[in-house]
K.L.:
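I'd like to ask you about the structure that follows.
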Amino acid sequence: MSIKSALSKLPPVNRLYKFEKPTILDSDLYKRLPEAYKKFYKEWRLTLPSPVHYKPKQGKWEKNINSGQINPVQNIPILPLYPVESNEGLWGGEGVVKGYVKPKNKYAEKSAKLWFPILKRSVIYSEVLDKRMSTIVTGRTIDLIIDHHGLDNYLLKSKACDIQSELGLKLKRKILMALYYKTLYKDDPAKQEEIYNKYKHYLADYTEEEIEWYGLNHYEALRKFEYLERSVVPQPLKHQFRKELIEEMKQQVVQEALSKQSMEQQVKATSKTSWIGKMNPFSKS
């Protein structure tokens, strides 16, 4: 669900933006990037993540218990802050929540507070990559890995906006590339085929180009695009013109040969007819 669609469901009085805010993809520097990367970036930065720090209410209307008044349901998402350190681990969508503490005295001022996730170091295992990694995780990350029956299923099923961390996106990219190019378990063909058949259905949502651009931040995407542009050596136009001229000359030779052959056939047919006419005693001549 995109942020635009989430805002459209709010009452008009709560719609803060009348126009879409420009994104990094609207700048001239990033417009040249391929559509494969733009698709990933929209999934990563422009898609509303799954609710983690709040429970969305169901229905369109709700009743105030104290006043009995009927009000429209407002599901305003709580978007946490993700520090730089979150990119070095797997936080499972958790982040730093900024809010206020409600005072016991109604005349006292509210005090600001930050809620931090509980972090711990743990070892995670990727079945596709056949690697164990020690990283910083949260309790929710462990629960998600268990619920998805493994790290690979968790990363492949989750959107980029829910993974958030660059470490998780890089791991997902490596897993997709290992499945697409079949570089997993090179020394064990039987194991390779078993693991590939187990996870190959995830490849249906991606093309080769989308996998190559998946998981890159915008700086890495720009460097990759610049490298690809430099690697393409421009061909001089004289080679193109020479090739076109040779093709035209070949076609002209073929047409001349066909026309000459048809003329020879006509001459033979005419000469044969005239010879038979001369030998025929019943001809008028």
Side-chain angles (χ1 to χ4, degrees), residues 1-10 14-54 56 75-99 114 116-117 135-136 138 141 144 154-177 180 202-203 205-232:
M1 181 168 144
S2 63
I3 297 177
K4 180 181 176 181
S5 59
L7 292 173
S8 64
K9 293 184 178 181
L10 299 178
N14 291 321
R15 294 178 189 170
L16 302 179
Y17 305 105
K18 294 183 180 179
F19 305 98
E20 291 188 20
K21 297 177 66 175
T23 64
I24 195 172
L25 299 178
D26 296 325
S27 61
D28 296 334
L29 186 61
Y30 295 90
K31 279 183 179 179
R32 300 172 58 196
L33 292 176
E35 293 297 326
Y37 180 74
K38 292 179 181 179
K39 178 184 176 182
F40 159 72
Y41 189 87
K42 290 175 182 177
E43 178 188 332
W44 180 32
R45 292 301 190 189
L46 305 181
T47 303
L48 190 68
S50 302
V52 177
H53 300 284
Y54 69 100
N75 284 322
I76 301 176
I78 299 176
L79 301 178
L81 305 174
Y82 296 102
V84 180
E85 290 77 10
S86 65
N87 292 319
E88 301 174 0
L90 292 174
W91 289 16
E94 292 190 61
V96 180
V97 178
K98 182 179 180 182
L114 296 175
F116 295 90
T135 185
I136 302 298
T138 62
T141 306
L144 288 171
Y154 161 60
L155 292 176
L156 293 172
K157 284 185 179 180
S158 301
K159 295 182 179 179
C161 59
D162 294 328
I163 298 174
Q164 282 294 334
S165 74
E166 293 188 12
L167 172 64
L169 295 175
K170 293 292 188 299
L171 285 175
K172 184 176 180 179
R173 181 173 184 266
K174 286 186 177 181
I175 292 171
L176 287 171
M177 293 183 72
Y180 188 86
Y202 291 109
L203 296 175
D205 299 330
Y206 305 93
T207 62
E208 182 180 4
E209 186 182 12
E210 290 173 355
I211 293 174
E212 289 289 341
W213 288 92
Y214 197 93
L216 303 179
N217 58 40
H218 47 277
Y219 297 113
E220 293 171 341
L222 284 176
R223 288 198 295 267
K224 180 180 178 69
F225 184 74
E226 184 180 0
Y227 171 77
L228 292 176
E229 276 194 332
R230 289 181 177 178
S231 61
V232 177

K.L.:
If you measure from CG on L155 to CD1 on I175, what distance do you get to the nearest 0.5 Å?
P.N.:
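Here the rounded value is 5.0 Å.
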K.L.:
Does the side chain of F116 come within less than 4.5 Å of P83's, by heavy atoms?
P.N.:
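The answer is no, as the side chains (C-beta and beyond) never meet within the 4.5 Å cut-off.
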K.L.:
With sequence neighbours left out, write down each residue that passes salt bridge (Lys or Arg N to Asp or Glu O under 4.0 Å) with K39, or none if nothing qualifies.
P.N.:
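Salt bridge (Lys or Arg N to Asp or Glu O under 4.0 Å) check on K39 returns E210.
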K.L.:
So which heavy atom on I211 is nearest to which on Y206, and how close?
P.N.:
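Between these two residues, the closest heavy atoms are CG1-CB, 3.7 Å.
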K.L.:
Using every non-hydrogen atom in the two residues, find where P34 and F225 come nearest and quote the distance to one decimal.
P.N.:
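Result for this residue pair: CD-CD1, 4.1 Å.
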K.L.:
Any side-chain heavy atom of T47 sitting closer than 4.5 Å to one from D162?
P.N.:
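The answer is no; the side chains never approach within 4.5 Å.
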K.L.:
Do H53 and P80 come close enough that some side-chain heavy atom pair is under 4.5 Å?
P.N.:
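Contact flag for H53/P80 side chains = yes.
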K.L.:
If I take atom CH2 from residue W213 and atom CG from residue L33, how far apart are they, to the nearest 0.5 angstrom?
P.N.:
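The distance works out to 6.0 Å.
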K.L.:
Does L48 form a side-chain contact (heavy atoms from CB on, under 4.5 Å) with L79? I'd like the steps, not just the answer.
P.N.:
CA-CA 9 Å; L48 190 68; L79 301 178; 3.9 Å; yes
K.L.:
Which distance, rounded to the nearest 0.5 Å, do you find between the CG of L222 and the OH of Y37?
P.N.:
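Taking CG in L222 and OH in Y37, the distance rounds to 7.5 Å.
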K.L.:
So how far is it from S86 OG to L167 CG, rounded to the nearest 0.5 Å?
P.N.:
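Those atoms lie 10.5 Å apart.
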K.L.:
Could you report the tightest heavy-atom contact between L176 and L203, atom names first, then the distance?
P.N.:
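Heavy atoms of L176 and L203 come nearest at O-CD2, 3.9 Å.
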K.L.:
Of the non-hydrogen atoms in E220 and K170, which two are nearest, and what is the gap between them?
P.N.:
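Closest approach of E220 to K170: OE1-NZ, 3.1 Å.
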K.L.:
List in chain and number order the residues that pass side chain to side chain contact (heavy atoms under 4.5 Å, CB included) with L169, two or more places apart in sequence or in another chain; answer none if no residue qualifies.
P.N.:
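Residues passing side chain to side chain contact (heavy atoms under 4.5 Å, CB included) with L169: F40, W44, A160, I163, Y214.
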K.L.:
Could you tell me whether E226 and R223 make a salt bridge, using a distance below 4.0 angstrom between a side-chain N and a carboxylate O?
P.N.:
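No, this pair does not count.
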K.L.:
Check P49 against C161 and note the closest heavy-atom contact, atom names and distance.
P.N.:
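Closest pair (atom of P49, atom of C161, distance): CB-O, 3.6 Å.
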K.L.:
Is there side-chain contact between E88 and E166, with heavy atoms separated by less than 4.5 Å?
P.N.:
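A side-chain contact under 4.5 Å is absent here.
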K.L.:
Would the number of heavy atoms belonging to other residues, nucleotides or ligands and lying under 6.0 Å from NZ of K224 be above 12?
P.N.:
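Counting other residues, nucleotides and ligands, NZ of K224 exceeds 12 neighbours.
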K.L.:
Rounded to the nearest 0.5 Å, how far does NZ of K31 lie from CG of D26?
P.N.:
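With rounding to 0.5 Å, CG (D26) is 6.5 Å from NZ (K31).
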K.L.:
In terms of ring plane angle, is the pair H218 and Y30 parallel, tilted or perpendicular, where the classes change at 30° and 60°?
P.N.:
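Rings of H218 and Y30: perpendicular, as their planes differ by over 60°.
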K.L.:
Taking atom OH of Y82 and atom CD of E94, what is their separation to the nearest 0.5 Å?
P.N.:
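One gets 9.0 Å once the value is rounded to the nearest 0.5 Å.
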K.L.:
For K172, which residues count as a salt bridge (Lys or Arg N to Asp or Glu O under 4.0 Å) partner, sequence neighbours excluded?
P.N.:
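Residues passing salt bridge (Lys or Arg N to Asp or Glu O under 4.0 Å) with K172: none at all.
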K.L.:
Using a 4.5 Å cut-off on heavy atoms from C-beta on, say whether the side chain of E35 contacts that of K38.
P.N.:
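In contact.
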K.L.:
Is the backbone of L90 close enough, under 3.5 Å, to the side chain of S165 for a donor and an acceptor to pair up by distance?
P.N.:
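A pair under 3.5 Å: no.
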K.L.:
Are Y41 and L216 packed together at the side-chain level, in the sense that at least one heavy-atom pair is separated by less than 4.5 angstrom?
P.N.:
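Of all side-chain heavy-atom pairs linking L216 with Y41, none is under 4.5 Å.
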